[in-house]
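Here is the structure we will look at.
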Amino acid sequence: MTAFKSDFLNILQQRGFVHQCSDFDGLDALAAKGQATAYVGYDCTAPSLHIGNFLTMMMLYWLQQSGNKPVTLMGGGTTMVGDPSGKDESRALRTVEEIEANKASIRGVFAKVLRYGSGASDAVMLDNAEWLTKLNWIEMLRDIGRHFSVNRMLTMDSVRLRLEREQEMSFIEFNYMVCQAYDFVELSRRVDCRLQMGGSDQWGNIINGVDLGRRMGTPQLFALTTPLLTTASGEKMGKTAQGAVWLNADRFSPYDFWQYWRNAEDADVVKFLKLFTILPMDEIARLASLQGGEINEAKKVLATEATALLHGRDAANTAAETARQTFEEGSHAANLPTIDISHSELDSGLGVLAAFVKTGLVASNGEARRQIKGGGLRVNDTAVSDEKMMLTTKDLTPEGVIKLSMGRKRHVLLKPA
């Protein structure tokens, strides 16, 4: 393991964030002096960011903790174009109104992890719509476009893989890398930003920005990427039966977020403790030494610390206590995720398959049937054996709810409203 001069790169290396860097020595020297202003771009394609974005937010967190300056770049402009990376088909073009609504919904999550202000290492938030939407087309072609080789652009993974699969790529998508590269140049000029960070799938786009900066006369720019986030079993991280693991509490509750980490594979716990908590490395080493059933204690620490970082300590402790009551005491724990249903639905009878789909515990009636055959679904802690079962007011517990469970760890309450 390389010993760096800067706390920033030492921390990132120890914790497993580093995949590729365009110039370790140059970046190390800059960060060691506390002069590394770095950005990550976040397009506004949905009302919430997801767990992959949480990884790059943690990179910005450690950048700030080491005395350097983070920039969160909202992609108000690039979202209008659409990033083709990792996609087999064009992203749906969103209206300006949709992008603005998504942007407003996303903004608040950053302040939970980063400190914003006017100090030397305080984070700043910018929006690339400020400059991208004001570019004159002909001037852009002459001043920026002339620095790009189409031959080289065709070799970029975001383009090459799409073409190899014989999937169409629109001209607007082809220009995404130009927009992203220009962002880097513009941020260098505006806030002396010298480093762009992102996932490994962004390496080509980031290097384009480094090269464009060199051609357009900026100081030396740097690229740093983090490994692709996968689980020990090789699956892409961040997917559940309910869908994506969102960072906004209104799309993925703190309890569900806590449970996501609690359900991590044994082999992933140490890696996730390093990436998604701010626990000291010696404490992570202690947790890594736990054997057998004790690994569950490490998972609870992971779940509570990751949830506290994003949703606050109170929400994390509440989620942990709800889980303890539910699993260790068998209670209905009032803090479980709750779905409101109308009294009329229960008066007329709600099909058990529809109920489980409604709560998001399963994705479809077919999945519910398969779970029932395997004994995986329960109503009020009793296994469901009849797929035609109807839930009525007779199934309400003394607490006035119906508890639906899939497996031992996922529960939702149905509550008449």
Side-chain angles (χ1 to χ4, degrees), residues 231-233 235 238-245 252-266 268-269 292-297 299-300 302-303 307 318-417:
T231 64
S233 57
E235 297 177 1
K239 295 292 184 182
T240 71
Q242 297 163 277
V245 179
F252 201 79
S253 73
Y255 177 81
D256 285 332
F257 195 74
W258 191 95
Q259 279 295 330
Y260 176 79
W261 299 108
R262 172 64 181 83
N263 295 335
E265 297 177 39
D266 291 0
D268 284 327
V269 174
E294 289 182 323
I295 193 70
N296 288 322
E297 295 307 310
K299 291 183 181 182
K300 292 176 186 176
L302 165 64
T307 305
T318 297
E321 177 59 17
T322 299
R324 188 189 68 79
Q325 291 179 15
T326 303
F327 305 134
E328 296 175 16
E329 297 178 6
S331 74
H332 281 173
N335 291 314
L336 283 174
T338 301
I339 301 290
D340 290 334
I341 58 172
S342 65
H343 283 280
S344 60
E345 283 185 275
L346 286 183
D347 290 339
S348 58
L350 176 62
V352 70
L353 300 181
F356 275 91
V357 172
K358 187 182 186 75
T359 60
L361 288 169
V362 296
S364 64
N365 286 350
E367 183 184 349
R369 290 189 182 95
R370 290 192 294 274
Q371 290 287 345
I372 288 172
K373 289 179 181 178
L377 300 187
R378 297 193 307 283
V379 173
N380 295 334
D381 297 322
T382 299
V384 178
S385 57
D386 181 6
E387 67 178 47
K388 296 181 180 179
M389 173 184 178
M390 302 295 288
L391 303 181
T392 68
T393 52
K394 294 180 181 178
D395 294 299
L396 291 171
T397 68
E399 294 89 352
V401 297
I402 300 174
K403 180 182 176 185
L404 303 185
S405 307
M406 185 176 80
R408 294 179 58 251
K409 298 179 179 179
R410 298 189 59 212
H411 313 269
V412 176
L413 304 180
L414 286 180
K415 183 178 182 180

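Side-chain atoms are counted along with the backbone in the values below, which use heavy atoms only and exclude waters and symmetry mates.
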Legend entry - Euclidean distance, I372 CD1 relative to D386 CG, rounded to 0.5 Å: 8.0 Å
Inset, instruction - May I ask you to test the M390-L350 pair for a side-chain heavy-atom distance under 4.5 Å? - result: no
Inset, instruction - Identify the heavy atoms of L353 and E387 that sit nearest to each other, and give their distance. - result: CG-O, 3.5 Å
Inset, instruction - Under the side chain to side chain contact (heavy atoms under 4.5 Å, CB included) rule, collect the residues that match up with E265, sequence neighbours excluded. - result: T231, A232, S233, D268
Legend entry - Pair M406-V362, side chain to side chain contact (heavy atoms under 4.5 Å, CB included): steps then yes or no: CA-CA 8 Å; M406 185 176 80; V362 296; 3.7 Å; yes
Inset, instruction - Taking all non-hydrogen atoms of both residues into account, name the closest pair between Y255 and P337 and its distance. - result: CD2-CD, 3.2 Å
Inset, instruction - Check the pair V245 / W261 against side chain to side chain contact (heavy atoms under 4.5 Å, CB included), numbers first and verdict last. - result: CA-CA 11 Å; V245 179; W261 299 108; 6.0 Å; no
Inset, instruction - Kindly compute the distance separating CD1 (I295) from CG (D266), expressed to the nearest 0.5 Å. - result: 5.5 Å
Inset, instruction - Output yes when a side-chain donor or acceptor of E367 lies under 3.5 Å from a complementary backbone atom of A363, and no otherwise. - result: yes
Legend entry - Side-chain (K299) to main-chain (A264) donor-acceptor, under 3.5 angstrom: yes
Legend entry - Charged N-O contact under 4.0 Å between D256 and R410: no
Inset, instruction - List the steps, then state whether side chain to side chain contact (heavy atoms under 4.5 Å, CB included) holds for D395 with L346. - result: CA-CA 9 Å; D395 294 299; L346 286 183; over 6 Å; no
Inset, instruction - To the nearest 0.5 Å, tell me how far I341 CD1 sits from K415 NZ. - result: 11.5 Å
Inset, instruction - Can you measure from CG (L302) to OG1 (T307) and round to the nearest 0.5 angstrom? - result: 8.0 Å
Legend entry - L404 vs R378, side chain to side chain contact (heavy atoms under 4.5 Å, CB included): CA-CA, chis, key distance, verdict: CA-CA 6 Å; L404 303 185; R378 297 193 307 283; over 6 Å; no
Legend entry - Side chains of T359 and L413 in contact at under 4.5 Å (non-hydrogen atoms): no
Legend entry - S405: partners by side-chain hydrogen bond (donor to acceptor under 3.5 Å, both in side chains), with sequence neighbours left out: H411
Legend entry - Distance in Å, S253 OG paired with Q259 CD, rounded so as to fall on 0.5 Å steps: 9.0 Å
Inset, instruction - Please report the shortest heavy-atom distance between L391 and A355, naming the atom on each side. - result: CD1-CB, 3.7 Å
